[in-house]
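Have a look at the structure below, then the notes.
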Number of protein chains: 2
Amino acid sequence: MKKIKETPSCLTCSIAKTCIFKTLPTEELEKIEYEKTVHFYKKNSIIYREGNRINGFYCVNSGVVKLYKTGLEGREQIIRFGKPGSIIGYRSILSGELACTTAKTIEDTVACFISGAKLIEMVTKHASFAMELMKLTCKELGESNKYILDIAQKTVRERLAEILILLIENFGIDDDNVLRILLTREELANMVGTATESVIRLLSEFKADNVIELKGRKIKIMHLEQLQKISNL
Amino acid sequence: MKKIKETPSCLTCSIAKTCIFKTLPTEELEKIEYEKTVHFYKKNSIIYREGNRINGFYCVNSGVVKLYKTGLEGREQIIRFGKPGSIIGYRSILSGELACTTAKTIEDTVACFISGAKLIEMVTKHASFAMELMKLTCKELGESNKYILDIAQKTVRERLAEILILLIENFGIDDDNVLRILLTREELANMVGTATESVIRLLSEFKADNVIELKGRKIKIMHLEQLQKISNL
DNA sequence: AAAAATAGCAGATTTAAGTCATTTTTTAAT
DNA sequence: ATTAAAAAATGACTTAAATCTGCTATTTTT
């Protein structure tokens, strides 16, 4: 099942309700369409690195990107994911800082690059866009703050259950209740903020308790309410 | 040393360079001046609670406010502080969510309340204000993400040292190198995300190593570079 | 200034979770 | 399909940090 590399159009792409550009008038979208550059990334490619000065942001068209910070011993801490419709790298543009995360694809990904100047122009020209962008940022901030509480006060077991729930909310499950994203145990550990071995052990426990089923990287959700109970949400 | 309760003026107050209103034209400031309501809070007063729907935000004029989330067993996790010039409660206005933290004064505090409608009006009317607000939000987001990494990967010892450094950067030290904010050990623990006893023990260790000196809640910084070394920053 | 309440401190014990080492399984590449 | 490489699983051991307890010193309130 090979996919053809097709340049996405802003006009069709922006139909998605989740997209930040939804309030922009068509003529503005056409300008973006003209100005943007489309990039094709293979799995495990780095889009930008923590500490880079990036002069624009990316809108993910297809694929999945993990955004992570790197700790002292090189251990990754995954902050969030970018999926189709997400924008990434915008924070550093707006704050005037360097990128605070590394963006790495975990699937083949297509992302459109739009310059920081254009972003600022859109914020300035279209108040509704500015509002949408703020809403997005403030939601992210709320999520980050929530996670600070969790990581500070919850057990690894509770956090792992919560992360699984967040992944379900974010990526969904298929007809067979299998999570629609494949992550390594290490990546899960890097989200939870724990050791890979701990994730492996806990997933096995969840499986033993019939909360989930495991087949390679596929995680099948057997009892969501049980997961919620464990997560102490 | 009693202070007279004096209604602050936006025009003098906004002189501070850190203030979000710095780019607004005088006539807009005058309107805010007219519309705002000034509130006087005693120490340990709650301005708003996590989960509240607040229909405006507060600009701290004097005093200090701690913003915290409450965990399962009622343990507080301090997310940040509001000090003169800071705005608090704006996140939930912009994201359209409920307040994600509780705001409680830790000193007698004066704060000005401005309606959410006014905030949105300012964002819509003044692009430069929108940019400033985004910059602020994005900086906060960067800080929160940084703290997720720290709390996930650093030891309590490292985090405590880092928190002390952050407090120095935020509140400064006086001529005698004493930190210009007084926090209980419990509040420090609620920032670090650890048990009060651990903070007590570690502060004692820092003192034994001549990094700091303690007198009640006063923390005197003896060797900042040593603290930085411990924090692994 | 005295009393009551709260905060700070230290030792002993427990425990959750990390680390290390080894084997088995899965995934990716030729 | 076969092999190589990476990831997953499991067991043994270690350790950082939490909890519990009792005691002392500071704040705060009256």
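Quick note on labels: first sequence line is chain A, next is B, and so on, each numbered from 1.
At a cut-off of 3.5 angstrom, counting only N and O atoms as typed in the model, there is a donor on one side and an acceptor on the other between the side-chain of A/Glu197 and the base of C/dC20. Interface remark: the A/Arg201 side chain does form a donor-acceptor pair with the D/dG11 base, using a distance-only criterion of under 3.5 Å.
For the pair A/Lys42 NZ and C/dA29 P, the interatomic distance rounds to 9 Å; values are reported in whole Å. Rounded to a whole Å, the CD1 atom of A/Ile106 is 13 Å from the P atom of D/dA7. Atom CG in B/Leu203 sits roughly 11 Å away from atom P in C/dA10 (whole-Å rounding). Across the protein-nucleic acid pair, B/Ile230 atom CD1 and D/dA16 atom C1' stand 17 Å apart, rounded to whole Å. Between the CD atom of A/Glu76 and the P atom of D/dA7 there is a distance of 11 Å, given to the nearest Å. Straight-line distance from the CG atom of B/Leu183 to the P atom of D/dT27: 13 Å, rounded to whole Å. Between the P atom of D/dA6 and the CG atom of A/Asn44 lies a distance of 12 Å, rounded to the nearest Å. Taking atom CD of residue A/Glu158 and atom C1' of nucleotide D/dA18, one finds them 15 Å apart after rounding to whole Å.
Comparing D/dA12, D/dA17, C/dA17 against the side chain of B/Thr155 picks out D/dA17 as the nearest. Taking only side-chain atoms of B/Thr194, from C-beta outward, the nucleotide of D/dA17, D/dA12, D/dC20 with the closest atom is D/dA17. The side chain of B/Thr184 lies closest to C/dG8 when the candidates are D/dA17, C/dT19, C/dG8. The listed nucleotides are D/dA18, C/dG8, D/dT10; the one nearest the side chain of B/Arg217 is C/dG8. Of the candidates C/dG18, D/dA17, C/dG8, C/dG8 carries the atom nearest the B/Ile200 side chain, counting heavy atoms from C-beta on.
The backbone N or O of A/Asn44 lies less than 3.5 Å from a partner atom in the side chain of A/Thr105, making a donor-acceptor pair. At distances below 3.5 Å, not a single donor-acceptor pair connects side-chain atoms of B/Glu140 with backbone N or O atoms of A/Leu141. Between the A/Glu107 side chain and the A/Lys43 main chain, no donor and acceptor come within less than 3.5 Å of each other.
Atom NZ of B/Lys146 sits in a crowded spot, with more than 12 heavy atoms from other residues, nucleotides or ligands closer than 6.0 Å.
Listed pair A/Ser198 / C/dA16 fails the phosphate criterion, with no side-chain N or O lying under 4.0 Å from OP1 or OP2. Within the structure, a side-chain polar atom (N or O) of A/Arg185 is placed less than 4.0 Å from OP1 or OP2 of D/dA9. For A/Lys43 and C/dA28, the shortest distance from a side-chain N or O to OP1 or OP2 is below 4.0 Å.
For the pair B/Lys83 and B/Phe171, the cation-pi criterion (under 6.0 Å, within 45° of the ring axis) is fulfilled.
Place A/Lys215 and A/Arg157 on DNA chain C by their nearest nucleotides, and A/Arg157 ends up nearer the 5' end. Across the interface with DNA chain C, nearest-nucleotide mapping of B/Thr196 and A/Glu73 shows B/Thr196 to be the residue nearer the 5′ end.
A salt bridge links B/Glu76 with B/Lys66: the closest approach of a Lys/Arg side-chain nitrogen to an acidic carboxylate oxygen falls below 4.0 angstrom.
Counting non-hydrogen atoms under 4.0 angstrom, B/Lys218 reaches nothing in the nucleic acid.
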